Amino acid sequence: MFESFPFVSVVHILVVLVAPPLLPGVINRVKAIFAGRRGQPLLQTYYDIVKLIRKESVLSETTTWVFLFGPVAAVSTGLLAALLVPLGNASAPLSFEGDLILLAYALALGRFFTMAAALDTGSAFEGMGAAREATYACLAEPALFLGLIAIARLTGGLSLDGMLGPALLHGWSVAAESLLLVLISWFVVLLVENCRIPFDDPNTHLELTMIHEVMVLDHSGPAFGMVLYGASLKLFVFSALVVRLAFPVRTGSEPLDWIVVLAGTIGVAVGVGVIESTLARLRLTSIPALLTGAGVLSLFGMILALVH
Amino acid sequence: MTSHALILTSGLIAMASGFPALVLPRSNAVQALTSLILLAGNAAGAFAVRGWWMEGPTPPLAFPSPFDGLSVGIAIDGVSAAFLVPVLLVTSLASIYGLGYWRQSEHPENGVRVGLFLGLLSGAMTVIVTARDGLMFLAGWETMAVAAFFLVAAEDHIRETRMAAWLYLAASHLATLCAFGTFLLLYAINGTYEFVPIRETGTAASTALVLLALVGFGTKAGIMPLHVWLPSAHAQAPSHVSAVMSGLLIKMGIYGLVRVAMLVPDMPAEWGLFVLAIGTVSAILGVAFAVGQHDIKRLLAYHSIENIGIIVMGLGLALVGRSVGNPVWTLLGISGAILHVWNHALFKSLLFLGAGSVIHGAGTREIDRLGGLGKRMPVTATCFLIGAVAICGLPPLNGFVSELLIYIGLFRVATGADASTASVAALAAPGLALVGALAVACFVKVHGIVFLGAPRTPEAAKAHESSFVMLGPMAALAACCVVIGVVPLAVAPILDVAAAAFTGGVAGPASLAESAPLAAISGVAGLFAGFLAAGALFLGVRGVGRAPRSLTWDCGYAAPSARMQYTSSSFAETLVHLFSWALRPETHRPAIKALFPDDAHFESHVRDTVLEKALFPLTRGVLWLFSWARYLQAGNLQASLMYILAVILFLLLWR
């Protein structure tokens, strides 16, 4: 897997390292436009991360090494996942049979340590956030996998490269209804995995109702910078998955393919911004119903792919 | 000495390991001697396995018998070897751990007993997995079952322990009865007790054989809903015994299922799909029940049910592959199942030993009475964390490898089979994903509430780290979890041989190294380790580790107390609610009647639904039904004489 390391892989790695923090900026800009404000600069997340890295930090007396391992694991697993998703016209830097399972499980590993770091502070708020994250992930994971099965069945591939490549275009031509259901379901999974409205409001000021933001309340300085970067990486990975599912097209021109994917992820961020501006956050108790709904959509998509 | 004779010797030495202590004075030194004899026996077993691996197949060690068809024999084959490795390793480590955990001087009344029956149990398992016929198998099986009963009942002055032991004994008898039935049917069909494949299948006898095996071995393995004995037995036994029971004893049920599957080579594909389906259901419900537990050992016991479900999923996949003649599915299924047997033996015994260390150090099994132990027991906490990540199936540890094999197999069936076969696999794979996510929720909860945060009770605040005798075995198991997870190619040859033995020598076209991305896993693990090191280095360079310390920022609250932390029950509340249709949680909440309510307390329990809601009512019904029979037995001599007279009269008149 490492024997051929072409130029596109270098491009892929650079894009993965640099692009992700742009997406939260896009979302915030869209929300600002909807609210009639000028809004933060598009590059605000980059400024935040740089500023945090230069700041000092304070640690809680209760915490152990697990608390600092959380952000490290979140960034590491996010990078690993981002190297598995095909972006441009060539295959992803890491690609093998069954890499789709590694993608899901790498993100789960990041989640494991983010939640462990939250519990390490001994704060009830952070425990609450961790419990919610754990619960909603249980409902999102089957929806993701049902979609993966549908795509694998339609394309015959077991690696993300094969599944989200030209074979998927054929899948769209023969079973568009199945893939459309999976696409909707995956977009819902994107929203919950990245703690966006209607599941979680990253801008709320009430810790009692948060999910992701409350888990990282105690992180500060460089560690919090890593948390922000890790979160944007995760958003980027899910956006890229949704984009590749929606547009498995290969234009034939290498730069154009990259532009399509990057423009697509920005498009997804715009979509998230529109949803955040037009929808209210759901009550926490009704979130499971929506997630189950997403799972059922994926299930129908999978059944349509099976009988196709 | 041939390797077959050597393995039998090893089993006998292990069985005998506890007998010298019966006549010697009761002391820690004699306990160490017991352990040493067991280790010697297991070392002999390891040499036997190595010898078998070097010299290849040899004729089994057979004993002459005066009766036809009653020969008994011992031999190692690929499947035996695959089960022998964890048996030899985990019993040795558990025995060493026991020297610190269950010291003779601290347990004068049952130390000798535990050592004696642990040895018997270890040796019996060696006999089971090398037996070449039904009789030898049953001899080992019953020895194992009875030895485990005495181990569960070690602390028989506690009422719960006696209840757990009786429940185990009853379930164990059901399993033994079904195992007897299985091998009697084998004799009826083949005319011998030897493990020779049945040629005619589809007959009533062979169907009954498979069903009996499924119930009997399924009870031992703890497949839902036959698992009822498992949670209380694992919770009440001494922790190193729980480790052996959960890591190995229930795997003997899996071994029985695999062996019977080898005896019936021509199964319809539907049976494989059925096994796959019960495995999935067992895995999901097992982990769902685990989420609701607040006793650390009961929680781990329910995770055994989950992992047995995952192993059974792999077995079902292999059966489907064998029926439809797809060697890759068979290979992925059986090697995934067997590797998960290894992995579960490693990380679950690690977790039980870790739980034992917590109980030893803090004096309670209640998760909600612990907290902050990571600071006072750093080695235990780190080992437990490795076990927790491994059992969740997360990369880069061993659980991920075996689950990946099963996942790839399921995806291959879902993409390659006809719609009806594919549909079962296409539901099983998301089922496994659900299991994984629930396991993450559960182990974040256990590790977070027990080892992280602040101590919830004074006992937890005074907890002490365990001795090297206890930490050493845990570190060894943790190292095994890492090695298999990072270099899975190292175990691939053994799995290939086991898979070839499973398919009856008809080797598949491909080896595991070609059918699964095992080399890629190592590469990814290396890359990931690099990322982690870079991240840690970055934080280190920025001096984050030496940052000033302060209170947890609890949204400005300046006087947080340990009791304000989230508990395991509150962490699991939403999930328990989502699964309440199966878990039937019992909650006792205060009713607020007055304007200024009195002191109140809240309780919530998730009991075993099958046991409490189905089995106990059923037994009560049966007892009621037969209560009329008690009238006949009034204990009155005249009445009994009258019964005899009545029967004699009846017989005379009837003739």
Side-chain angles (χ1 to χ4, degrees), chain A residues 1-2 53 56-62 64 66 68 72-73 75-76 79-80 94 96-98 101-102 104-106 108-109 111-112 115-116 119-125 127-128 130-131 134-135 137-138 141-142 144-146 149 152-153 156 158 207 217-218 221-223 226 288 302 306-307, chain B residues 374-375 389 392-395 400 404 407-408 411-412 414-415 419 422-423 426 429-430 433-434 436-438 440-441 444 447-449 452-454 516-517 520 523-524 527-528 531-532 535-536 538-539 542 544-545 547-555 560 562 564-566 570-571 574-575 578:
Chain A
M1 57 188 251
F2 293 115
I53 286 174
E56 252 193 9
S57 44
V58 180
L59 289 179
S60 159
E61 284 155 357
T62 324
T64 59
V66 175
L68 289 177
V72 174
V75 171
S76 304
L79 281 176
L80 190 59
L94 293 180
F96 53 87
E97 285 283 88
I101 291 142
L102 179 64
Y105 274 63
L109 181 69
R111 191 168 66 232
F112 185 105
M115 294 189 287
L119 288 174
D120 202 10
T121 61
S123 150
F125 289 116
M128 233 178 255
T135 307
C138 292
E141 209 88 322
L144 181 68
F145 269 80
L146 285 163
I149 293 253
R153 175 92 183 169
L158 278 193
E207 289 85 352
L217 271 184
D218 233 74
M226 289 181 91
M302 191 272 285
L306 274 187
V307 300
Chain B
K375 284 198 171 144
V389 173
C392 293
L394 296 174
F400 177 69
L404 181 71
Y407 264 124
I408 294 179
F411 267 78
R412 284 200 188 281
T415 54
S423 62
L434 175 64
L438 284 166
V440 167
V444 165
H447 183 259
I449 305 293
L452 306 177
V524 166
L527 184 68
F528 184 65
F531 286 162
L532 289 182
F538 166 71
L539 287 184
R542 291 290 304 121
V544 173
R549 295 257 169 185
S550 168
L551 274 181
T552 294
W553 194 80
D554 231 356
C555 302
M564 289 163 62
Q565 296 176 97
Y566 234 44
S570 39
F571 192 93
T574 318
L575 279 173
L578 284 175

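Labels below follow one simple rule: chain letters A, B, ... track the order of the sequence lines, proteins then strands, and each chain is numbered from 1. Predicted model only: the values in this text are computed from it and were never measured.
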Quick check for you: to the nearest 0.5 Å, what is the distance between B/Thr552 atom OG1 and A/Phe125 atom CZ? 12.0 Å
Looking at CE of A/Met115 and CG of B/Leu452, how far apart are the two atoms once the value is rounded to the nearest 0.5 Å? 12.0 Å
Return the option, out of B/Pro548, B/Gly545, B/Ala562, B/Ala536, with the maximum number of heavy-atom pairs under 4.5 Å with chain A. B/Pro548
Max heavy-atom pair count under 4.5 Å with chain A, selected residue of B/Leu539, B/Ile408, B/Leu404, B/Leu578: B/Leu539
With chain A, the option among B/Val544, B/Val440, B/Ile449 that has the most non-hydrogen atom pairs under 4.5 Å is B/Val544
Where does B/Leu438 contact chain A at under 4.5 Å (heavy atoms): side chain, backbone, both or neither? both
Rounded to the nearest 0.5 angstrom, the CG-CG distance for A/Asp218 and B/Leu551 is 9.5 Å
Flag the one option from B/Gly374, B/Ala516, B/Gly393 with the top tally of heavy-atom pairs under 4.5 Å to chain A. B/Gly393
Checking A/Val75 against chain B: side chain, backbone, both or neither under 4.5 Å from a heavy atom? neither
Interatomic distance, CE@A/Met128 vs OG@B/Ser570, rounded to 0.5 Å, equals 8.5 Å
Would you call B/Lys375-A/Glu61 a salt bridge at under 4.0 Å N-O? no
Search all heavy atoms of B/Leu434 against all heavy atoms of A/Cys138 and return the closest pair with its distance. CD1-O, 3.2 Å
Quick check for you: to the nearest 0.5 Å, what is the distance between A/Ile101 atom CD1 and B/Tyr407 atom OH? 7.0 Å
Taking the side chain as every heavy atom from C-beta outward, state whether B/Phe538 and A/Ile53 have any atom pair closer than 4.5 Å. yes
Ranked by heavy-atom pairs below 4.5 Å to chain A, first place among B/Pro395, B/Gly535, B/Ala429, B/Ser423 goes to B/Pro395
If every non-hydrogen atom of B/Arg549 is compared with every non-hydrogen atom of A/Ser60, which pair is closest and at what distance? NH1-O, 2.8 Å
Could you pull out the closest heavy-atom pair between B/Ala422 and A/Arg153, with the gap in Å? CB-NH1, 3.4 Å
For residues B/Met564 and A/Ala124, report the shortest heavy-atom separation together with the two atoms involved. O-CB, 3.1 Å
So which atom in A/Glu97 and which in B/Pro517 form the shortest heavy-atom distance, rounded to 0.1 Å? O-CG, 3.0 Å
Is A/Ala104 in contact with chain B via its backbone, its side chain, both, or neither, using a 4.5 Å heavy-atom distance? neither
What part of A/Leu109 is in contact with chain B, defined as an atom under 4.5 angstrom from a non-hydrogen atom: side chain, backbone, both or neither? both
Contact class of A/Pro288 relative to chain B, heavy atoms under 4.5 angstrom: side chain
Looking at A/Gly98, A/Ser57, A/Ala134, which makes the most heavy-atom pairs under 4.5 Å with chain B? A/Ser57
Quick check on the interface: out of A/Val66, A/Leu306, A/Leu119, who has the most heavy-atom pairs with chain B under 4.5 Å? A/Leu119
Sort out for me which of B/Ala419, B/Gly448, B/Ala433 touches chain A most, counting heavy-atom pairs under 4.5 Å. B/Ala433
Do you know which two heavy atoms are closest between A/Thr62 and B/Ala454, and how far apart they sit? CG2-N, 3.7 Å
Hey, could you give me the CZ/CG distance between B/Phe528 and A/Leu102, rounded to the nearest 0.5 Å? 9.5 Å
Top contributor to chain B interface from A/Val307, A/Leu217, A/Leu68 [non-hydrogen pairs under 4.5 Å]: A/Leu68
